[in-house]
A.B. asks: 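First the structure, which I've put down as structure tokens, then a few questions once you've had a look.
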Amino acid sequence: MSKVRVKIIQPTRVVMNEECDHVIVPGSAGDFGVYTGHTPIITTIRAGILLIYNGNKAESYAIHDGFVTVEDDVVRIVCEVIETKDEIDINRAEKAQKRARERLNVQSEDIDYRRAETALSRALARINTIKDY
Amino acid sequence: MANIRDIKNRIVSVKNTKQITNAMKMVAASKLRKAQERIINARPYADYLDMMIRTVKYKNIGTDNMLLADTNGNENNKNKADKVALIVITADRGLCGSFNSNIIRAAQKYIENNQKIDVICIGKKGYDQLKKRTDKIVEHYNDFFNEMDFAVCRDISHNVLNLFLQKGYTKIDVIFNEFKSAIQQNIIQKQLLPIVPLESDVVSQTDYLYEPDEDTIINELGEKYVDVEIWRMLLESSAAEQGARMTAMDNATENALELINELTLMHNRARQSAITTEIIEIASGAEAISE
């Protein structure tokens, strides 16, 4: 089976440039899988789990924002933050989740709700990356 | 003739200074290497965003977007406040030759030519100098160059973008030092917003699906582009700063060496003449006794 090339590009370095069987990307309009022959697409990424499959084995990464383009069996993921399982500090993520939930439950003008929501979704992405896969 | 001991003390102090400047030169050289590495590492990301912006432009999508300039390079900002903004990037520290003063001079000229202007300073030296001469500084960021963290840069660029959208500047220009080589820095004035893509033929011909929609994509793309543009300029400036410091310290070391040679010569002369005087005294004393 032909392969899909995944390139993960960060402002400070190129994190990955490898081939794999297929990828599942958390797009802002929903998760989508990319096999070879996928139609060209540009979409934004929401906080979630990026899965890279080789055979039945999947590597999972927590990803928070950015872009993905698919073109000629090359998936380019442009993001500012991406973390492998080992890099995630689960305690910190859980604390962040708790804090964000508390903030969202309080009605007050001082709270930046959008920021709290982003914090929550980031924390959840981290936690799920560790727990589910 | 100067006192022998005075000369000796001066030689010691100049030697100490030479040691310091030499060490600073070494430090600057190693920091320069790191800064150059960072520039190279940032390239794929920046190039890619460049290409995406050009592609969007080429396909004539989002021509009414606030962040993008139209094909004539004019701004799309409808509610423009007839005001421009200037970002001045200097170093946090001195001892790097004319690196900071050149930028400050260019910035002052720019400020004089534009009456309605807001100034944003990145780097301590520029802020310290400009705040005495103008009251138009709206934001300033110090001590960025110690850490060189992308997250900090992103905070800066988000603020800049918010200012652009809220205050409705017609444009934002940046004045910074571009790294040409270790001994040469060029002062560059570049438009940051609205975005003017680089001229190039490299565009993607593919017809993409845009998800969720074109406008969202362009806004995201524009935001990221501003992030990485500022990041790139800061990296350039930091490499140029280290290069300038290296050259300045190299010159200082050389000057110190010259000074040491001169002083040593003076010291020897003084010593010699002292000895000569002493011998004459002894000789004439001996002669007086023998008579």
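Residue numbers start from 1 in every chain, and the chains themselves are labelled A, B, ... in the order their sequence lines are given, proteins ahead of strands. For the numbers below, each heavy atom of this structure counts, side chains included, while hydrogens, waters and symmetry mates do not.
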A.B. asks: Given heavy-atom pairs under 4.5 angstrom as the criterion, report whether the side chain, backbone, both or neither of Ser28(A) touches chain B.
C.D. replies: side chain
A.B. asks: Output all residues satisfying ring-ring contact (aromatic ring centres under 6.0 Å, His included) with Phe67(A), sequence neighbours left out; order by chain, then residue number.
C.D. replies: none
A.B. asks: In Å, rounded to the nearest 0.5 Å, how long is the span from CD1 of Ile42(A) to CD of Glu220(B)?
C.D. replies: 12.0 Å
A.B. asks: Heavy-atom distances under 4.5 Å only: say whether Thr39(A) touches chain B with side chain, backbone, both or neither.
C.D. replies: side chain
A.B. asks: Can you measure from CE (Met148(B)) to OG1 (Thr12(A)) and round to the nearest 0.5 angstrom?
C.D. replies: 11.5 Å
A.B. asks: Is Arg5(A) atom CZ crowded by more than 12 heavy atoms from other residues, nucleotides or ligands, each under 6.0 Å away?
C.D. replies: yes
A.B. asks: Go through the steps to decide whether Tyr210(B) and Ile41(A) satisfy the test side chain to side chain contact (heavy atoms under 4.5 Å, CB included), and finish with yes or no.
C.D. replies: CA-CA 6 Å; Tyr210(B) 291 84; Ile41(A) 185 173; over 6 Å; no
A.B. asks: Please list, in residue-number order, every residue in residues 38-47 of chain B that has a heavy atom less than 4.5 Å from any heavy atom of chain A; write 'none' if there are none.
C.D. replies: Asn41(B), Ala42(B), Pro44(B), Tyr45(B)
A.B. asks: For Asp92(B), which residues count as a salt bridge (Lys or Arg N to Asp or Glu O under 4.0 Å) partner, sequence neighbours excluded?
C.D. replies: none
A.B. asks: Give me the contact list for residues 73-80 of chain A versus chain B, heavy atoms only, anything under 4.5 Å, ordered by residue number.
C.D. replies: Arg76(A), Val78(A), Cys79(A), Glu80(A)
A.B. asks: Quick one: OG1 on Thr69(A) to CG on Leu209(B), what's the gap to the nearest 0.5 Å?
C.D. replies: 12.5 Å
A.B. asks: Could you walk me through whether Lys224(B) and Thr44(A) pass side chain to side chain contact (heavy atoms under 4.5 Å, CB included), step by step?
C.D. replies: CA-CA 11 Å; Lys224(B) 290 255 182 313; Thr44(A) 47; over 6 Å; no
